[in-house]
Amino acid sequence: MSIPSATPVAVVTGASSGIGEATARVLADQGFHVVAAARRLDRLETLVSEIGGTALELDVTDEDSVTALAAVLPRVDVLVNNAGGAKGLAPVLEADEDDWRWMWETNVLGTLRVTKALLPKLIDSGNGLVVTITSIAAFETYDNGSGYTSAKHAQAVLHRTLRGELLGKPVRFTEIAPGAVETEFSLVRFDGDEARAAAVYEGITPLVALDIAEIIGFVASRPSHVNLDQIVVKPRDQASAGRFDRR
Ligand SMILES: NC(=O)c1ccc[n+]([C@@H]2O[C@H](COP(=O)([O-])OP(=O)(O)OC[C@H]3O[C@@H](n4cnc5c(N)ncnc54)[C@H](OP(=O)(O)O)[C@@H]3O)[C@@H](O)[C@H]2O)c1
């Protein structure tokens with residue numbers, strides 16, 4: 001594996017599927033050497049065989065895995081904190097602690113670990129960019145969704161805090177908060193139940209992964225003095241987390 005030190009490097013976590021995969025494609029098109037990272041290495045290898053870049057196995061819940069990622073990167077110009085997701089839908093009184101742990105470990109502590117590990121290199125680049133994919137669940141609560149909404153709120157607070165703490169350093173912070181995007185997200189949330197996952201998008205025209213990836217590409221191509229702080233993006237058919245126009 002060779003990661004060039006003369007080409008800007010973009011690290012995309014969760015690049016084996018959905019928003020992360022589409023983002024890897026867009027950033028590669030823009031000339032970045034993309035480091036595509038996730039647990040399913042076979043998918044990443046197929047992706048980099050198409051777009052170039054480097055496939056790296058990464059589990060954001062594992063400190064050693066994150067340390068190993070940081071160690072092989074000669075430079076980092078862009079970090080997309082995208083790895084994450086939801087598990088289950090349950091009222092607080094029936095909350096499953098394993099599901100909560102999965103959501104907090106992946107979305108919150110995963111973002112913390114990867115950002116901490118790569119920030120020194122992002123700053124050294126002289127023009128670093130951290131994009132964190134939170135959600136409209138970072139702005140709203142909804143019944144049965146507290147495990148996910150609380151994790152996304154916490155992930156967003158972590159990201160927004162960095163915007164202030166790193167003020168004066170050459171690194172920008174952009175939070176992107178999507179509404180419904182049709183990816184493997186609902187399949188993961190409902191443990192592979194395809195009918196239940198499909199029902200989430202029934203009767204609406206949801207966003208697709210490329211819609212979010214193109215926004216990330218736009219953010220990454222702004223001049224270095226421009227910091228897009230927060231971008232909330234929903235399908236036209238969605239007014240809030242629980243309010244859809246279903247036909
Ligand atoms: N789809 C939506 O409606 C929606 C809306 C708002 C926000 N989001 C957020 O967007 C992000 C991307 O989700 P998506 O919609 O593209 O879903 P997705 O298709 O399920 O993709 C999730 C990605 O996260 C990776 N991932 C999960 N656990 C990981 C771990 N421990 N270590 C490394 N990578 C891990 C997965 O890769 P591996 O399984 O190969 O590790 C996969 O590549 C998530 O943060 C999600 O919360 C999604």
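First listed ligand is number 1; within each ligand, the first listed atom is number 1.
Taking 4.5 Å as the limit, some side-chain heavy atom of Arg247 sits within range of a side-chain heavy atom of Asp237.
Lys87 pairs by the salt bridge (Lys or Arg N to Asp or Glu O under 4.0 Å) definition with Asp191, not counting sequence neighbours.
By the 6.0 Å contact criterion, CZ on Arg246 is enclosed, its count of non-hydrogen atoms from other residues, nucleotides or ligands being greater than 12. Other residues, nucleotides and ligands contribute over 12 non-hydrogen atoms within 6.0 Å of the CD atom of Glu50.
Within the hydrophobic cluster formed by Ile, Leu, Val, Met, Phe, Trp and Tyr side chains joined at under 4.5 Å, directly or through other members, Tyr142 is accompanied by Leu89, Trp102, Met103, Tyr148, Phe185, Val188, Phe190, Val200, Tyr201.
Sorted pairs that involve residues 205-244 and meet ring pair (Phe, Tyr, Trp, His ring centres under 6.0 Å), not counting sequence neighbours, are lacking altogether.
The residues lining ligand 1, counting any heavy atom closer than 4.0 Å, are Gly14, Ala15, Ser16, Ser17, Gly18, Ile19, Ala38, Arg39, Arg40, Leu58, Asp59, Val60, Thr61, Asn82, Ala83, Gly84, Gly85, Thr106, Asn107, Ile133, Thr134, Ser135, Tyr148, Lys152, Pro178, Gly179, Ala180, Val181, Thr183, Glu184, Phe185, Val188.
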